[in-house]
Amino acid sequence: MAREKIVGLIEDALGRAVSEGLLSPVEAGTIELERPKRREHGDWSTNLALDVAGRLDMNPREVAVIIAGLIAEDPDVVSKVEVAGPGFINFHLSLAFIRNVLFEIEERGLEFGSSDAGGGQQVQVEFVSANPVGPLHVGHGRWAALGDALSSVMSHAGFLVEREFYVNDYGTQLRNFGRSISARYLELLGRGGEFPGGGYVGEYIKDIARRIVDECGDEFLDLPEEERVDTFIDMEYPRMLESIRDTLEGMGVVFDVWFSERGLYSRGEVEEAISALERDGKAYREGGALWLRTTEYGDEKDRVLVRSSGEPTYFASDIAYHHDKMDRGFDKVIDIWGADHHGYVTRMKAAMEAMGYGREALEVILGQLVKLFRSGRPVAMSKRTGEIVTLDELLEEVGADGARYFFLQRSHDSPLDFDIELAKQESPENPVYYVQYAHARISSILRYAREAKADLSEALPEDLVLLEAEAEMDLLRKLGELEEVVEFCALRRVPHRLTGYAEELATLFHAFYRDCRVVTDDERLMRARVFLVHGVRQVLRIVLGLIGVSAPEQM
RNA sequence: GCGCCCGUAGCUCAAUUGGACAGAGCGUCCGGCUACGGACCGGGAGGUUCGGGGUUCGAGUCCCUGCGGGCGUGCCA
């Protein structure tokens, strides 16, 4: 990769400057190399001289000139080195080096852009984890798109990633679910009473109750309420979970592990985790409850693990859950939570520390919510009345590709305005189609090229010399950025930045298409350009694959 | 009240963690199809980066302060 080579050149030059007595010995630290914003500033740039000048008590520009003058010429990699601005040293890559990316793409196929930046670290990404008490809403869709793309991009960057869905099949929410069904069931059979507080008022509960009546009649009518609730929970939550799984698969999100909260209890892990904390003096009894000393790890108050009723809190089972995760050997666990769980982060990290794991072993990504719009007007939604747009409805209307792309367009920490009409539109205002169109257009060109010219033997390095137009070089440079983009998205946990890269690449391709004809009478040039667009298509496939959006050959 | 996050073009967002003239998309205005897909392309206008101080070679980015917004602050999950 260009980066390492250039860093090497700089280190050598700095060493020589010192040994030749041009500069006093100076601690340079890691050499920072960055992509300048402006093209005139070259392909890579370092602020090394600005950084060390202060410590050398010299003018930064002077330092830059000395170092730049000692940088070894390497025409296979760097064509020009210059000092600019306050003391930046800018590097221009040689055209030959830039073109070589095409051979690398050819060689590595779908692996192109991957690296070992993650060093094989084992990472678990847990996301969605919706209570199986109702259909997924659009917010879940966003976490799904985010978690899945993050997992993909981290895998590509050399992490070993597992996707996990935590099933809250225990506790209050599930009871509320059962009670709600029970209430509707009784209602249908003419014994309606008061609807339970905290119950789910959505229409789907009535549908479930109706189905139970259709299938089983009044079989459960005379059971004691709690028994009926239990029965309904056991009957219905697996079905609900199944339909959640279907919805997610419908948008191409597949989990490696579905982890049950009930299992934690049945294996005694919750109790174990609690008593271990108590044994280690991390928890204490007060007022009949058991408290975890989270204040020792930065929390503002201690938190209850076991209520005075003897019942463990959700926090307790979450601790057991995270203990279990760490026990499975992950180096790092990433949880994606809705922004409303914001206040929970500190205490969970405190719990990690109390258990003896570093607080950085747990990383929490808070996802902001999704506001739905239709042609610029907000879509009314009310949790209270159960009037929500489900993820299924959204996928039905805009399609999985459009939905995933839109969910991923913005940073997870800013609220997303999702315009349904725009996501549906098959027009240039819709970036999904813009990128997919580039892929389809290339496919079409390649089909045409094959028909028009029977013999399209592989391009050779001497053919590639013909690639020199500005549009061609811009495209090649962009292809060469994939690996660092993937690394950046993975290490900074910003999968949404992949969409920006995809759009930039598509834009450069469309500009190239305008300026350069691929299929021409000049056979060498044609071979070179076919090779180029083939590489562009491959990279589009890789990026769309990471995002989880299809790459159609025709549209 | 206290804690965390945020405030960048008319709108939605970027800005390589302190770097060079703050960039894209949408919208708007002007222009471009006799050859590989016009679902495309080129160009213009649009900014005191919420206000005020500070730190330094250099601030949208860091510190202080004011204003405006979001979220959190349960023996709920």
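Atoms considered below: every heavy atom in the structure, side chains included; atoms not considered: hydrogens, waters and symmetry mates. Everything quoted here is computed from the prediction, not taken from an experiment.
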K.L.:
By nearest atom, which of the nucleotides B/U16, B/A20, B/U17 is closest to the A/Phe488 side chain?
P.N.:
B/U16
K.L.:
Assess whether one donor atom and one acceptor atom, taken from the side chain of A/Ser444 and the base of B/C36, lie less than 3.5 Å apart.
P.N.:
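Looking at the base of B/C36, it does not pair with any donor or acceptor on the side chain of A/Ser444 (distance under 3.5 Å).
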K.L.:
Counting distance alone, no hydrogens or angles: does the base of B/A24 have a donor or acceptor under 3.5 Å from a partner atom on the side chain of A/Thr507?
P.N.:
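Counting by modelled atom types and ignoring angles, no donor-acceptor contact under 3.5 Å is found here.
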K.L.:
Across all strands, who's sitting opposite B/G60 as a Watson-Crick or G-U wobble pair, both distances under 3.5 Å?
P.N.:
none
K.L.:
For nucleotides B/C33 and B/C26, find the distance between their C1' atoms and express it as a whole number of Å.
P.N.:
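My reading of the C1' atoms in B/C33 and B/C26 gives 24 Å.
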K.L.:
Take the protein atom CD1 of A/Ile442 and the nucleotide atom P of B/C36, then report the distance between them rounded to whole Å.
P.N.:
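About 16 Å, once rounded to whole Å.
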K.L.:
Mind checking who B/C75 pairs with, Watson-Crick or G-U wobble, both distances under 3.5 Å?
P.N.:
none
K.L.:
When the C1' atoms of B/A20 and B/C57 are compared, how many Å lie between them, rounded to an integer?
P.N.:
13 Å
K.L.:
If B/A39 has a Watson-Crick or G-U wobble mate with both distances under 3.5 Å, name it; if not, just say none.
P.N.:
none
K.L.:
For nucleotides B/A9 and B/G70, find the distance between their C1' atoms and express it as a whole number of Å.
P.N.:
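After rounding to an integer number of Å, I get 23 Å for this pair.
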K.L.:
Would you check if A/Gln173 and A/Tyr200 make a side-chain contact, meaning some heavy-atom pair closer than 4.5 Å?
P.N.:
yes
K.L.:
Which nucleotide in the list B/C76, B/C40, B/C4 gets nearest to the side chain of A/Arg307?
P.N.:
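The nucleotide sitting nearest to the side chain is B/C76.
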K.L.:
By the rule that syn is within 90° of 0, classify the base conformation of B/U17 as syn or anti.
P.N.:
syn
K.L.:
Of the nucleotides B/A39, B/C41, B/C75, which has the atom closest to the A/Tyr433 side chain?
P.N.:
B/A39
K.L.:
On a whole-Å scale, what distance lies between the P atoms belonging to B/G7 and B/A15?
P.N.:
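Looking at atom P only, B/G7 and B/A15 are 10 Å apart.
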K.L.:
Pick base, sugar-phosphate or nothing for A/Asn131, based on heavy-atom distances below 4.0 Å to the nucleic acid.
P.N.:
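Sugar-phosphate contact only.
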K.L.:
I want to verify a distance call: between B/G42, B/C75, B/A77, whose nearest atom is closest to the A/Ser308 side chain?
P.N.:
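In terms of side-chain proximity for A/Ser308, the closest of B/G42, B/C75, B/A77 is B/C75.
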K.L.:
Give the nucleotide from the list B/G38, B/C75, B/A77 with an atom nearest to the side chain of A/Tyr437.
P.N.:
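That would be B/G38.
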K.L.:
What integer distance in Å separates A/Glu32:CD from B/U16:P?
P.N.:
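My rounded result for the distance is 12 Å.
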K.L.:
Of the nucleotides B/C75, B/U16, B/G19, which has the atom closest to the A/Arg35 side chain?
P.N.:
B/U16
K.L.:
Heavy-atom count around A/His92 NE2 within 6.0 Å, excluding the residue itself: above 12?
P.N.:
yes
K.L.:
Which whole-number value in Å describes the distance from A/Asp51 CG to B/C57 P?
P.N.:
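That distance rounds to 13 Å.
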K.L.:
When both hydrogen-bonding distances must be under 3.5 Å and the geometry is Watson-Crick or G-U wobble, what is B/C4 paired with, if anything?
P.N.:
B/G70
K.L.:
What does A/Ala438 touch in the nucleic acid at a heavy-atom separation under 4.0 angstrom: a base, only the sugar-phosphate, or nothing?
P.N.:
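Contact class for A/Ala438: none.
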K.L.:
State whether the aromatic ring of A/Phe88 stacks on the base of B/A20, taking stacking to mean ring centres under 5.5 Å apart and ring planes under 30° to each other.
P.N.:
yes
K.L.:
Given the structure, check if the side chain of A/Arg492 and the base of B/U16 hold any donor-acceptor pair shorter than 3.5 Å.
P.N.:
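Under the 3.5 Å cut-off, the side chain and the base do not form any donor-acceptor pair.
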K.L.:
Answer with base, sugar-phosphate or nothing: what part of the nucleic acid does A/Gln554 contact at a heavy-atom distance below 4.0 Å?
P.N.:
base
K.L.:
If the threshold is 4.0 Å, N to carboxylate O, is there a salt bridge linking A/Arg39 and A/Asp43?
P.N.:
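No, no charged N to carboxylate O under 4.0 Å.
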K.L.:
Using the C1' atom in both, what is the distance from B/G53 to B/C67, to the nearest Å?
P.N.:
15 Å
K.L.:
What interatomic distance, in whole Å, is found between C1' of B/C40 and the corresponding atom of B/C5?
P.N.:
40 Å
K.L.:
Using the P atom in both, what is the distance from B/G46 to B/A24, to the nearest Å?
P.N.:
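Going atom to atom, P in each nucleotide, I get 15 Å.
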K.L.:
Check A/Pro132 against A/Val167 and note the closest heavy-atom contact, atom names and distance.
P.N.:
CG-CG1, 4.1 Å
K.L.:
Can you identify which nucleotide, out of B/G37, B/G19, B/C75, has its nearest atom closest to the A/Arg441 side chain?
P.N.:
B/G37
K.L.:
How would you label the glycosidic angle of B/C21: syn (within 90° of 0) or anti?
P.N.:
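For B/C21, whose glycosidic angle is within 90° of 0, the conformation is syn.
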K.L.:
Of all the choices, B/C41, B/C75, B/G38, which nucleotide is nearest to the side chain of A/Tyr434 once you look at every atom?
P.N.:
B/C41
K.L.:
If B/G25 has a Watson-Crick or G-U wobble mate with both distances under 3.5 Å, name it; if not, just say none.
P.N.:
B/C11
K.L.:
When all nucleic acid strands are considered with a 4.0 Å heavy-atom cut-off, which category describes A/Tyr448: base, sugar-phosphate, or nothing?
P.N.:
sugar-phosphate
K.L.:
B/A20, B/C75, B/G38: which one has an atom nearest the side-chain heavy atoms of A/Lys37?
P.N.:
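Out of B/A20, B/C75, B/G38, the nucleotide with an atom closest to A/Lys37's side chain is B/A20.
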K.L.:
Would you call A/Lys478 and A/Asp474 a salt bridge, using N to O less than 4.0 angstrom?
P.N.:
no
K.L.:
Just checking A/Leu50: base, sugar-phosphate only, or nothing, at a heavy-atom cut-off of under 4.0 Å?
P.N.:
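Since a base atom lies under 4.0 Å of A/Leu50, the category is base.
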K.L.:
Would A/His342 count as stacked on B/G3 if the rule is ring centres under 5.5 Å and plane angle under 30°?
P.N.:
no
K.L.:
Quick one: the side chain of A/Asn90 and the base of B/A20, do they pair up donor-acceptor inside 3.5 Å?
P.N.:
yes
K.L.:
Determine, stepwise, if the pair A/Leu482 / A/Tyr501 fulfils side chain to side chain contact (heavy atoms under 4.5 Å, CB included).
P.N.:
CA-CA 8 Å; A/Leu482 181 66; A/Tyr501 176 78; 3.7 Å; yes
K.L.:
Could you tell me how far apart A/Arg285 (CZ) and B/C75 (P) are, to the nearest whole angstrom?
P.N.:
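Rounded to whole Å, this separation is 16 Å.
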K.L.:
Under 4.0 angstrom, heavy atoms only, what part of the nucleic acid is A/Thr346 near: base, sugar-phosphate, or nothing?
P.N.:
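Nothing, no heavy atom under 4.0 Å.
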K.L.:
Would you mind reporting whether A/Lys325 and A/Asp335 have side-chain heavy atoms less than 4.5 Å apart?
P.N.:
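Yes; the side chains approach each other to less than 4.5 Å.
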K.L.:
For residues A/Thr46 and A/Phe91, determine if any side-chain heavy atom of one lies less than 4.5 Å from a side-chain heavy atom of the other.
P.N.:
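SC-SC contact between A/Thr46 and A/Phe91 confirmed.
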K.L.:
What's the closest nucleotide to the side chain of A/Arg347 if the choices are B/G38, B/A20, B/A77?
P.N.:
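Of B/G38, B/A20, B/A77, B/A77 is nearest to the side chain of A/Arg347.
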K.L.:
Which value, in whole Å, describes the distance between the C1' atoms of nucleotides B/U49 and B/G60?
P.N.:
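The same atom, C1', in both gives a distance of 5 Å.
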